[in-house]
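Okay, structure first, notes after.
Note that these values count all heavy atoms, side chains included, but never hydrogens, waters or copies made by symmetry. Chain naming here is simple, since letters A, B, ... match the order of the sequence lines and numbering starts at 1 in each.
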Amino acid sequence: MTRSTVSGATAKSRSRRSRVLGRLAFLGPGLTYLIVLLLIPLALVLSYAFFRRGRFGGVIYELTGENFTRLFDPLYLDVLLGSLKLATAATLIALLFGYPTAYLIARLPAKWKTIALIAIVLPFWTNFLIRIYAWIVLLSGPGLVNTLLGKLGLGPFEFLYNDGAIVTGLIYSYLPLMVLPLYAAIEKLDPQLHEASANLGAKPARTFVSVTLPLTLPGVITGCMFVFVPSFGNFVIPELLGGGRSIMVGNLIRDQFLTARDWPFGATLAMALIAVLIVLLLLQSWSARRA
Amino acid sequence: MRKSRLLYVPFWVTYIFLYTPIVVLVAMSFNAGKSPYNFEGLSLKWYGKLAGNATVREGLVNTLIVAAGSTVLATVLGTLLAVGLARHSRSRLLDGLGVLPAILPDLVLAIGLLVFYSTVKVTLGLHSVLLAHTVFGMAFVTAVVRTRLTHSDTSLEEASRDLGGTPVTTFVRITLPQLMPGITAGALLAFTLSIDEFVIAFFTAAPATPTLPIVIYSMVRFGVTPEINALATLLLAVSFTVVIVAQRMTRLTESLS
């Protein structure tokens with residue numbers, strides 16, 4: 001009796017020890033890695049936003065709020081609002097084309113569905129910079145679009161180095177990220193709902209607005225986030241297709257870190273970028289809970 | 001049904017939009033002329049020039065070293081973390097931490113790592129890029145393996161434990177084989193994402209050891225040259241093959257629906 005209690009107790013403590021060990025062995029390495037190479041770096045950036053810049057670059061560890069007041073300088077505020085505008089335009093246009101595309105893919109026969117989906121993802125799987133480069137070849141002064149227009153007696157136009165070129169590049173880069181969540185949401189719809197709506201006398205447009213759209217709204221919001229987030233902080237596309245002016249917040253952050261050597265202000269801009277994204281994420285989770 | 005015909009307009013516009021630039025790049029890579037805009041007959045000369053380009057070759061080697069190293073590290077860490085999160089933790093905070101690198105803007109992660117490396121005085125080089133790529137690679141491996149774990153049956157693991165299997169034997173002989181498709185998919189994802197990654201490498205690589213995307217970036221900035229068309233076509237061929245093979249192996253599109 002005593003022996004069995006004792007062995008039972010040791011077995012229990014042994015199993016508890018093995019549970020703790022298991023937890024350590026599985027969670028330990030990954031979490032340590034994330035703490036050292038993700039959380040500490042993020043905390044450093046966050047803290048830099050509150051320090052003064054050194055005269056020759058570097059950081060003076062003296063608390064200041066001046067980085068945040070600089071953020072509201074019209075010069076920088078314009079860049080933030082401009083990024084917001086371009087990223088929003090890219091997101092809405094991607095949605096406008098992505099939704100019907102995802103809708104039709106979901107209605108295709110199984111075999112074609114797979115092919116259509118792979119065809120959407122394939123361009124996404126090629127180097128990002130090469131996809132941007134392709135647009136330089138197409139849109140530049142002597143480029144293909146102008147050559148074709150010239151045959152019609154039009155142009156030449158300058159399609160590159162403006163907001164339109166930036167938005168085109170953003171859409172081209174992130175359109176697959178819009179189509180995939182939309183497809184997943186539309187695919188889950190029960191086709192009987194459409195029949196029911198039609199039987200009750202609703203026209204297709206009415207069915208779309210009152211049935212399809214509300215039910216696929218979480219997919220719409222996810223897709224919009226997937227396009228908006230990488231668009232908003234992008235610096236490569238504005239640089240290569242927008243002519244290299246500092247017009248989006250990503251360019252500004254890159255310049256503060258690599259050219260101006262003003263790391264505290266660069267960190268503050270990064271914080272502003274994250275703040276906008278957190279607001280959007282909260283909106284998304286709020287709408288997902290309502291749906 | 002007349003209404004749905006109208007839907008075919010944006011559908012086809014989307015596909016034409018996606019493939020026109022690619023078709024043009026591939027066609028231009030076989031151009032005999034020097035102009036990147038006018039086709040002047042077939043030739044493979046840009047492929048020859050590309051083969052002789054030492055910068056591109058070094059960039060490719062650097063990229064493969066970084067991708068292979070970070071994939072191995074990310075796969076091991078990510079798989080362990082996924083099992084840990086699914087079986088040994090109920091914390092939503094830790095769950096969030098696991099996916100954070102995947103949703104965080106790459107620019108923020110990049111400057112964070114740059115600040116971190118400079119604070120702890122790590123010299124930049126291939127190792128700094130490799131460690132950086134592991135951060136997001138791990139997030140994708142964790143996510144894919146976790147999805148697989150939530151769909152897998154825990155009764156086998158319980159049976160193994162009841163029959164006296166130690167946690168290690170249970171993990172190696174029961175859990176791991178079940179997870180293999182997820183681990184393969186996660187590793188493939190980490191590898192291809194690392195090969196393509198530019199922003200983080202741009203901030204964490206040393207000027208002397210650029211990865212291929214950094215080399216491409218400076219080529220594109222320098223000006224339009226048909227050599228990039230040849231490189232683009234080769235990369236397209238490789239990634240198209242990888243995606244199609246991966247699709248066959250893991251049925252990526254089925255897991256979407």
Side-chain angles (χ1 to χ4, degrees), chain A residues 18 22-23 26-27 29-31 33-34 37-38 40-42 44-45 48 96-97 100-101 103-104 114 117-119 121-123 125-131 133-138 142-144 147 172 175 180 183-184 187 204 229-230 233 235-236 240 250 253 257 263 266 270 273-274 277, chain B residues 3 7-8 10-11 13-15 17-22 24-25 28 36-37 77-78 80-81 83-85 87-89 94 97 100-101 105 107-108 111-116 119 131 134-135 138 142 167 192 196 198 213 216-217 220-221 224 228 232 235-236 239-240 243-244 247 253 256-257:
Chain A
S18 90
R23 188 174 283 185
F26 284 110
L27 291 169
L31 290 181
Y33 199 90
L34 288 178
L37 280 131
L38 179 69
I40 292 177
L42 285 180
L44 279 172
V45 171
Y48 270 32
L96 205 65
F97 285 91
T101 306
Y103 189 89
L104 282 182
T114 313
L117 272 177
I118 294 176
V121 204
L122 264 186
W125 237 250
T126 68
N127 187 279
F128 169 74
L129 292 154
I130 280 175
R131 279 179 289 151
Y133 164 79
W135 281 98
I136 299 181
V137 172
L138 281 173
L144 212 78
T147 311
Y172 192 66
L175 187 60
L180 292 182
Y183 165 79
E187 171 82 325
V229 172
F235 72 84
V236 183
L240 296 179
I253 295 174
F257 272 89
W263 287 17
L273 183 120
I274 293 181
L277 300 179
Chain B
K3 279 276 188 296
L7 286 179
Y8 279 97
F11 176 84
V13 169
T14 297
Y15 282 97
F17 176 70
L18 285 177
Y19 282 91
T20 306
I22 292 175
V24 169
L25 276 195
M28 284 304 179
Y37 310 112
L77 291 172
L80 287 176
L81 186 62
V83 175
L85 289 175
R87 301 279 189 265
H88 300 276
S89 148
L94 292 187
L97 181 62
L100 183 60
L107 182 59
V108 175
I111 60 172
L113 286 160
L114 175 66
V115 169
F116 173 73
T119 308
L131 292 175
T134 305
V135 180
M138 195 176 136
T142 309
T192 44
D196 215 31
F198 167 70
I216 296 173
Y217 175 71
V220 172
R221 263 181 51 145
V224 179
I228 308 179
L235 290 177
L236 279 167
S239 46
F240 280 23
V243 172
I244 289 165
Q247 156 70 19
T253 42
L256 263 171
S257 40

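- Contacts between B/Val115 and chain A at a heavy-atom distance below 4.5 Å involve backbone atoms as well as side-chain atoms.
- Here the closest heavy-atom approach between residue A/Gly250 and residue A/Phe235 is recorded as C-CB, 3.4 Å.
- A donor-acceptor contact shorter than 3.5 Å links the side chain of B/Tyr19 to the backbone of A/Ala119.
- At a 4.5 Å heavy-atom cutoff, the contact between A/Leu277 and chain B is made by side-chain atoms alone.
- Looking at A/Pro230, neither its backbone nor its side chain comes within 4.5 Å of chain B, counting heavy atoms on both sides.
- Across A/Val236 and B/Phe198, no two heavy atoms sit closer than the pair CG2-CE2, 3.4 Å.
- Ranking A/Ile40, A/Thr101, A/Val229, A/Leu44 against chain B, the residue ahead of the rest is A/Thr101, based on heavy-atom pairs under 4.5 Å.
- Of the atoms belonging to B/Leu107, it is side-chain heavy atoms, and not backbone ones, that fall under 4.5 Å from chain A.
- The nearest pair of heavy atoms linking A/Arg23 to B/His88 is NE-O, 3.0 Å.
- Residues A/Pro123 and B/Ile22 approach most closely at CB-CD1, 3.7 Å, considering heavy atoms.
- Per-residue counts of heavy-atom pairs under 4.5 Å with chain A were compared for B/Pro10, B/Ala232, B/Gly78, B/Pro213; the largest is that of B/Pro10.
- Your options are A/Tyr103, A/Tyr48, A/Phe128, A/Trp135, and the one with the most heavy-atom pairs under 4.5 Å with chain B is A/Trp135.
- Here the closest non-hydrogen pair linking A/Leu273 and A/Gly233 is CD1-CA, 3.6 Å.
- Heavy atoms closer than 4.5 Å to chain B are found in both the backbone and the side chain of A/Leu122.
- Most heavy-atom pairs under 4.5 Å with chain A: of the set B/Asp196, B/Leu81, B/Leu77, this distinction falls to B/Asp196.
- Among B/Leu100, B/Leu97, B/Val83, B/Thr20, the residue with the largest count of heavy-atom pairs under 4.5 Å with chain A is B/Leu97.
- Residue contact with chain A, scored on non-hydrogen atoms closer than 4.5 Å, involves the side chain of B/Leu25 exclusively.
- With a 4.5 Å cut-off on non-hydrogen atoms, B/Leu131 touches chain A through its backbone and its side chain both.
- The two residues A/Leu27 and B/Leu85 come nearest to each other via the heavy atoms CD2-N, 3.6 Å.
- The candidate from A/Asn127, A/Leu34, A/Val45, A/Ile274 with the greatest count of non-hydrogen atom pairs under 4.5 Å with chain B is A/Asn127.
- Side-chain N or O atoms of A/Tyr172 include one that pairs as donor or acceptor with a backbone N or O of B/Leu18 at under 3.5 Å.
- In this structure, the portions of B/Tyr217 lying under 4.5 Å from any heavy atom of chain A include both its backbone and its side chain.
- In this structure, the portions of B/Val135 lying under 4.5 Å from any heavy atom of chain A include both its backbone and its side chain.
- Only the side chain of A/Ile253 comes within less than 4.5 Å of a heavy atom of chain B; its backbone N, CA, C and O stay farther away.
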### Query
Would A/Tyr133 and B/Ile216 count as a side-chain contact (heavy atoms from CB on, under 4.5 Å) if you check the C-alpha gap in whole Å, the side-chain angles of each, and the deciding distance to 0.1 Å?
CA-CA 9 Å; A/Tyr133 164 79; B/Ile216 296 173; over 6 Å; no
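- Taken to the nearest 0.5 Å, the CD1 atom of A/Ile136 stands 5.0 Å off from the CG atom of A/Leu240.
- Among A/Leu31, A/Leu42, A/Leu38, the residue making the largest number of heavy-atom pairs under 4.5 Å with chain B is A/Leu38.
- When heavy atoms are compared at a cutoff of 4.5 Å, A/Tyr33 approaches chain B solely by way of its side chain, counted from C-beta outward.
- In terms of heavy-atom pairs under 4.5 Å with chain A, the best-connected choice from B/Thr142, B/Leu235, B/Ile228, B/Thr119 is B/Ile228.
- A/Arg131 places a side-chain N or O within 3.5 Å of a backbone atom of A/Thr126 that can act as its donor or acceptor partner.
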